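Computed from heavy atoms alone, side chains included, the values below leave out hydrogens, waters and symmetry copies. Since the model is a prediction, treat every value here as computed from it, not as a measurement.
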Amino acid sequence: MNHRFLRIHPNDTVLVALGHLQKGTTLSDGEATIVLQESIEIKHKFAAQDHAAGNEVILYGIVVGKATQSIAKGSALTVDNVAHQTSGFSEKKENFRWNAPDISAWKNKTFMGYYRSDGQVGTANYWLVVPLVFCENRNVEVMRQAFLEELGYDTTNPYKQYVRQMTQLLADGREKEIKSLAIPSETFEKTPLFPQVDGIQFLTHQSGCGGTRQDSEMLCALIAGYLNNPNVGGATILSLGCQNAQVSLLMEKLEALDPNFQKPLYILEQQKQGSEQQLLTSALQQTFLGLAEINKLERSPAPLNKLTIGLECGGSDGFSGISANPAVGYVSDLIVALGGTALLSEFPELCGVEQELINRCAQPKIADKFIRLMRDYEASAHAAGSGFDMNPSPGNIKDGLITDAMKSAGAAKKGGTSPVTYVLDYAEYSKNPGLNLLCTPGNDVESTTALAGSGANLILFTTGLGTPTGNPIAPVVKISSNTVLAERMPDIIDLDAGSIIIGKKTIEQMGEDFLNFVIAVASGEIKTKAQLLQQNDFIPWKRGVSL
């Protein structure tokens, strides 16, 4: 790799700046000699050849845009001279042959997980408290306040201590010292009463009634997926009683996933219980006894084919598609080759790479399902006056991802190179090993929420700009595309793929490092930064337009 710029694919008409490049600099990569017509910011793209207005812009070997005006060789690509464009897609056109990676070093490796009666293995053992409707959010919050600190799951919040210290300074008449007061660095953790329970996760949301009946149906399917996720040992469900998301609908969705569901599950309906006090007393008692029950479980060795990894990105930058994403893609390939499962989500961020994924589908009917979901999703976006082309955020654009196709070409690298064995609609649970495509929005939290609901027992989340997203039940490993971010935001970043950019490690070497870390997290030996910060984000997707 040239450490000043990168040609990702031999057919590319643009190059990527790996550092700030000054106007007038002469560059050569064996394919072209280029004199920069202007300074190029790090992570941004510049023309490797002249582009006339209307010419296709090629990156990663595919169309990622079109020139809206002439772009001279050595000039920067910007939102002013490039617009979103793709090559389109149709049915599966060719048979796919995969060169799987060498897995000999991993065949006998295991992680320490929690076996469930249905054969799934959890990387954690959580109890869930979740409402069927937003009307019960307050009662969920009351339970959270009652349980967490008393049971030893609420670590000392340094900000609570900070406010306490400011209060004391004010009371002592020393308010001038407040601006120089530092956040306490010491934290205190209690020993949990139930050490084999990783935590009690209290979910709240704004769904379950109002809106469309389809939204409530999807909510019930999502919650059923969370109950079925191997990282969940048991759950308490709070229902009001009159809402669209009925208990009977939840049980229908759960039975479809597992007719022999055996985890402890307590469902309480406020309109049947009577007073709020009666509801909460019953909920607290049953939850406490359920915690005691799942605390009897212990971790034991499990093969790596019991891993179902979710593949996610958020706050992406111009380096994501050449460092963090392909390294995660190599992890995906290793897991798939070992017989495990990988879930690639965010359909708006697969725009432009559809044909490649279609051709990788194991069967035509799988490809047809992907085509239908993609076209339906894009049609709903257009019907609302939007489109996939509006997916890139201001942060994406500022850091070099100026079209959705450009962003998608890099985002799809998280899916590695393996065959697509199944395509899942939103809230559909994964039961087919291999690479699955999961229909979700590009929104970080909505997508991550969906990955856990489809069975992910661990999530690999790449970022180039930094994002605090986590998940209540699936450990989220946050991976930086560049070292500058990893050093600036060490409190949220677990792993740094920046060594790929400077040529210190190959994608394969970095992927192997990542897999070792995944095994440690799956075994409970390492807590991710998202777990330590209790970043437990949960947003169900209301099936409208969300990019």
What's the shortest heavy-atom distance between [X] and [Y], and which atoms?
{"X": "S320", "Y": "G464", "result": "OG-N, 3.9 Å"}
{"X": "L36", "Y": "Q22", "result": "CD1-O, 3.4 Å"}
{"X": "A450", "Y": "Y426", "result": "CB-CE1, 3.5 Å"}
{"X": "P230", "Y": "G455", "result": "CD-O, 4.3 Å"}
{"X": "V82", "Y": "G65", "result": "CG1-CA, 4.3 Å"}
{"X": "P348", "Y": "S408", "result": "O-OG, 3.6 Å"}

Show, in sequence, the C-alpha distance, side-chain angles and deciding distance for I500 and F319, and conclude whether the side-chain contact (heavy atoms from CB on, under 4.5 Å) test is met. CA-CA 10 Å; I500 294 173; F319 284 168; over 6 Å; no

With heavy-atom distances below 4.5 Å as the criterion, would you say the side chains of [X] and [Y] are in contact?
{"X": "P472", "Y": "Y126", "result": "no"}
{"X": "C135", "Y": "Q243", "result": "no"}
{"X": "D12", "Y": "L59", "result": "yes"}
{"X": "Q120", "Y": "N228", "result": "yes"}
{"X": "Q206", "Y": "N137", "result": "yes"}
{"X": "T123", "Y": "V521", "result": "no"}
{"X": "I335", "Y": "V518", "result": "no"}
{"X": "H84", "Y": "C351", "result": "yes"}

Would [X] and [Y] count as having a side-chain donor-acceptor pair, cut-off 3.5 Å?
{"X": "N359", "Y": "Q355", "result": "yes"}
{"X": "E487", "Y": "T483", "result": "no"}
{"X": "E312", "Y": "S345", "result": "yes"}

[X] side, atom [atom1]; [Y] side, atom [atom2] - distance, nearest 0.5 Å:
{"X": "H44", "Y": "H20", "atom1": "NE2", "atom2": "NE2", "answer": "11.0 Å"}
{"X": "I40", "Y": "I34", "atom1": "CD1", "atom2": "CD1", "answer": "10.0 Å"}
{"X": "L18", "Y": "I42", "atom1": "CG", "atom2": "CD1", "answer": "7.5 Å"}
{"X": "I71", "Y": "N81", "atom1": "CD1", "atom2": "CG", "answer": "4.0 Å"}
{"X": "Q270", "Y": "L238", "atom1": "CD", "atom2": "CG", "answer": "8.5 Å"}
{"X": "L344", "Y": "L435", "atom1": "CG", "atom2": "CG", "answer": "6.0 Å"}

As a test of understanding, state which of N396, N482, T463 forms a side chain to side chain donor-acceptor pair (under 3.5 Å) with D317.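 Exactly one pass, corresponding to N482.
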
Of T341, T421, T308, the residue whose pairing with N436 passes side chain to side chain donor-acceptor pair (under 3.5 Å):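 Testing N436 for a side chain to side chain donor-acceptor pair (under 3.5 Å) against T341, T421, T308 leaves exactly one candidate, T421.
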
Donor-acceptor check, side chain of [X] to backbone of [Y], threshold 3.5 angstrom: yes or no?
{"X": "Q531", "Y": "K529", "value": "no"}
{"X": "Q201", "Y": "I473", "value": "no"}
{"X": "D333", "Y": "S418", "value": "yes"}
{"X": "E346", "Y": "N443", "value": "no"}
{"X": "T68", "Y": "D80", "value": "yes"}
{"X": "T448", "Y": "D444", "value": "yes"}
{"X": "R4", "Y": "L21", "value": "no"}
{"X": "E354", "Y": "G352", "value": "yes"}
{"X": "H51", "Y": "Q49", "value": "yes"}
{"X": "N325", "Y": "A409", "value": "no"}

Result of checking L219, I539, L132 against H205 for side chain to side chain contact (heavy atoms under 4.5 Å, CB included):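 One option only clears the test, and that one is L219.
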
Around atom [atom1] of [X], are there more than 12 heavy atoms of other residues, nucleotides or ligands at under 6.0 Å?
{"X": "N99", "atom1": "CG", "result": "no"}
{"X": "K23", "atom1": "NZ", "result": "no"}
{"X": "K92", "atom1": "NZ", "result": "yes"}

Among all residues two or more places apart in sequence or in another chain, which pass the ring-ring contact (aromatic ring centres under 6.0 Å, His included) test with [X]?
{"X": "F46", "value": "none"}
{"X": "Y226", "value": "F538"}
{"X": "F370", "value": "F347"}

Salt bridge present between K542 and D215 (N-O < 4.0 angstrom):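 D215 and K542: not salt-bridged.
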
Let me see the working for D494 and I479 under side-chain contact (heavy atoms from CB on, under 4.5 Å), right down to the final yes or no. CA-CA 6 Å; D494 297 289; I479 302 168; 6.0 Å; no

With sequence neighbours left out, write down each residue that passes salt bridge (Lys or Arg N to Asp or Glu O under 4.0 Å) with K398, or none if nothing qualifies.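 Listed in chain order: nothing, the list is empty.
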
Please evaluate residues T467 and L465 with respect to the criterion side-chain contact (heavy atoms from CB on, under 4.5 Å), reporting the C-alpha separation (whole Å), side-chain torsions for both, the decisive distance (0.1 Å), and the verdict. CA-CA 7 Å; T467 170; L465 304 176; over 6 Å; no

Y377/F388 aromatic ring centres below 6.0 Å: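 Between Y377 and F388, the centre distance is under 6.0 Å.
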
Could you walk me through whether I492 and T469 pass the side-chain contact (heavy atoms from CB on, under 4.5 Å) test, one step at a time? CA-CA 9 Å; I492 68 168; T469 304; over 6 Å; no

Tell me the salt bridge (charged side-chain N to carboxylate O under 4.0 Å, His left out) pairs involving residues 129-138, sequence neighbours left out?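 Qualifying pairs: R138-E276.
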
Is there any salt bridge (charged side-chain N to carboxylate O under 4.0 Å, His left out) pair reaching into residues 365-387, and which pairs are they, with sequence neighbours excluded?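 Checked against salt bridge (charged side-chain N to carboxylate O under 4.0 Å, His left out) - neighbours excluded - the pairs reaching residues 365-387 are K369-E428.
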
